[in-house]
Enquirer: 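Structure in structure tokens, see below.
Each chain gets a letter, A, B and so on, in the order its sequence line appears, and its residues count up from 1.
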Amino acid sequence: MPELPEVETIRLQMKEEIEGKKIESTKVISDKPLGNTTVEEFKERVEGAFIKDVKRRAKILIIKLSTGDSLLIHLKLTGRLLLLRPSVPIEKHTHLIFNLNDGHQLRFWDLRRFGYVKLVSGKLKEVLELKKLGPEALELSLNEFRNILAGKRSGKIKSLLLDQHFIAGIGNIYSDEALFYAGIHPERNVATLKEDEIARLHEGIRKIMSSAISYRGSSMDDYVDLFGKQGDFVPRHKVYRRMGKPCKACGSLIKRIKVGGRSAHFCPKCQV
DNA sequence: GTCGATGTTATCAA
DNA sequence: TTTGATAACATCGA
């Protein structure tokens, strides 16, 4: 479940390890992640290209190629990007392999196959899935946060935090953790939020996700970093998947409910 | 063997 | 308009 901190962890590692490298060849084991692009076109346009930059927008990784094309990578629920030696056996659920000119392979692995690696040409500003995204969660000032909240007349705050058109980058883990930080119940109606609660929520989003990046993300199920290592943030979770366990602040038992079809974890005493 | 849960997003229905 | 259900897919545990 890579969210912004997990994707950013991989981006920072990729920038360090593969920027400037050349993609000598590719192997397409499954073409599903490619979307509408044919294997022939994918190979033709990617092979021989240099990796100029590795960027991120929300939970989407963007590899800029020397040809002007870009690769948009979304890991969705279970996707992994791994940098490995070619001698490492190809694991089940590996769908794409990029052979780099330094002898390493970048492999795309995805258990549930929801993720994608899409080749897009030219201007990223016209790519629909990027255009539709709301402001970056970590680049949003309190004023901007207040303004976009003010535009909402109703709705539960948890669902809003998960809506990528509203704010981009937050997923189920960090929405729960940010709401705990702010002492706000996940089902609170947005319109009832007080000024100090909005400020605390804004602060929580920034503090928790920045901290999660420094711990290289949360490894709950399938997420690992570029080197296959687990992130270290899970022990810092206050509520996410801690149902039935004592709240780290007050000792009350953490609850789990469904909000908008998603599981929401919270402390019934700290989050009124 | 079946059911439900896991969690991101597009799409479609109400 | 907005919300909610569903589907895409694979695995695990009850």
Enquirer: Output the rounded distance in Å from CG (Asp221(A)) to P (dG4(B)).
Expert: 20 Å
Enquirer: Would you please confirm or rule out a distance under 4.0 Å between OP1 or OP2 of dT11(C) and any side-chain N or O of His93(A)?
Expert: yes
Enquirer: What's the CZ-P distance between Arg112(A) and dA10(C), to the nearest Å?
Expert: 10 Å
Enquirer: For Ser263(A), which contact category applies under a 4.0 Å heavy-atom criterion: base, sugar-phosphate, or nothing?
Expert: sugar-phosphate
Enquirer: Could Glu8(A) and Arg11(A) be called an ion pair, given the rule that one side-chain N must be under 4.0 Å from one carboxylate O?
Expert: yes
Enquirer: Taking atom P of dG4(C) as reference, at what distance in whole Å does atom CG of Leu160(A) sit?
Expert: 12 Å
Enquirer: Check the orientation of Phe108(A) and His95(A). Use parallel for under 30°, tilted for 30 to 60°, and perpendicular for over 60°.
Expert: tilted
Enquirer: Within less than 4.0 Å of OP1 or OP2 of dT9(B), is there a side-chain N or O belonging to Lys59(A)?
Expert: yes
Enquirer: Look at all strands and tell whether Gly171(A) reaches a base, only sugar-phosphate, or nothing, counting heavy atoms closer than 4.0 Å.
Expert: sugar-phosphate
Enquirer: Let's see if you can work this out: which of dA10(B), dA8(C), dA5(B) has an atom nearest to the side-chain heavy atoms of Lys132(A)?
Expert: dA10(B)
Enquirer: When the distance from CG of Asp163(A) to P of dT3(C) is rounded to whole Å, what number comes out?
Expert: 9 Å
Enquirer: In whole angstrom, what separates Glu3(A)'s CD from dT6(B)'s P?
Expert: 14 Å
Enquirer: By ring pair (Phe, Tyr, Trp, His ring centres under 6.0 Å), which residues pair with Tyr116(A), not counting sequence neighbours?
Expert: His74(A)
Enquirer: Measuring from the side chain of Leu111(A) (C-beta onward, heavy atoms only), which nucleotide among dA10(B), dA10(C), dT9(B) has the closest atom?
Expert: dA10(C)
Enquirer: Under a 4.0 Å threshold between the charged nitrogen and the carboxylate oxygen, would Lys118(A) count as salt-bridged to Glu129(A)?
Expert: yes
Enquirer: Send over the distance from Lys258(A) NZ to dT6(C) P, rounded to a whole Å.
Expert: 13 Å
Enquirer: Reading 5' to 3' and counting Watson-Crick or G-U wobble pairs with both distances under 3.5 Å, write the dot-bracket notation for DNA chain B, | for bases paired outside the strand.
Expert: .|||||.|||||||
Enquirer: For Lys92(A), answer base if it contacts any base atom (sugar-phosphate contacts may also be present), sugar-phosphate if it contacts only those atoms, and nothing otherwise; contact means non-hydrogen atoms under 4.0 Å.
Expert: sugar-phosphate
Enquirer: If I pick the P atom on dC9(C) and the same atom on dG1(B), what distance separates them, to the nearest angstrom?
Expert: 22 Å
Enquirer: Please report, to 0.1 Å, the donor-acceptor pairs under 3.5 Å made by any side chain of residues 42-52 of chain A, with sequence neighbours excluded.
Expert:
{"residue": "Lys43(A)", "atom": "NZ", "partner": "Thr26(A)", "partner atom": "O", "Å": "2.5"}
{"residue": "Lys43(A)", "atom": "NZ", "partner": "Glu47(A)", "partner atom": "OE2", "Å": "3.4"}
{"residue": "Arg45(A)", "atom": "NE", "partner": "Asp69(A)", "partner atom": "OD2", "Å": "3.1"}
{"residue": "Arg45(A)", "atom": "NH1", "partner": "Glu41(A)", "partner atom": "OE2", "Å": "2.5"}
{"residue": "Arg45(A)", "atom": "NH2", "partner": "Asp69(A)", "partner atom": "OD1", "Å": "3.2"}
{"residue": "Arg45(A)", "atom": "NH2", "partner": "Asp69(A)", "partner atom": "OD2", "Å": "3.3"}
{"residue": "Glu47(A)", "atom": "OE2", "partner": "Thr26(A)", "partner atom": "N", "Å": "2.9"}
{"residue": "Glu47(A)", "atom": "OE2", "partner": "Thr26(A)", "partner atom": "OG1", "Å": "2.9"}

Enquirer: Can you tell me how the ring of His93(A) sits relative to the ring of Trp109(A), calling it parallel under 30°, perpendicular over 60° and tilted otherwise?
Expert: perpendicular
Enquirer: Considering heavy-atom distances to DNA chain B, does Phe114(A) or His165(A) have its closest nucleotide positioned more toward the 5' end?
Expert: Phe114(A)
Enquirer: Suppose you measure atom C1' in dT6(C) against the same atom in dG4(B); what distance do you get, rounded to whole Å?
Expert: 15 Å
Enquirer: Rounded to the nearest Å, what distance is computed from the CG atom of residue Leu128(A) to the P atom of nucleotide dA10(B)?
Expert: 8 Å
Enquirer: Mind checking the P distance from dT11(C) to dT9(B)? Whole angstroms is fine.
Expert: 22 Å
Enquirer: Output yes when Asp221(A) and Arg241(A) qualify as a salt bridge under the 4.0 Å nitrogen-oxygen rule, no when they do not.
Expert: yes
Enquirer: Between the side chains of Ser141(A) and Glu144(A), does any donor sit under 3.5 Å from an acceptor?
Expert: yes
Enquirer: Can you measure Asp222(A) atom CG to dC9(C) atom P for me and round it to whole angstrom units?
Expert: 17 Å
Enquirer: Say you pick atom P in dA7(C) and the same atom in dC3(B); how far apart are they, in whole Å?
Expert: 15 Å
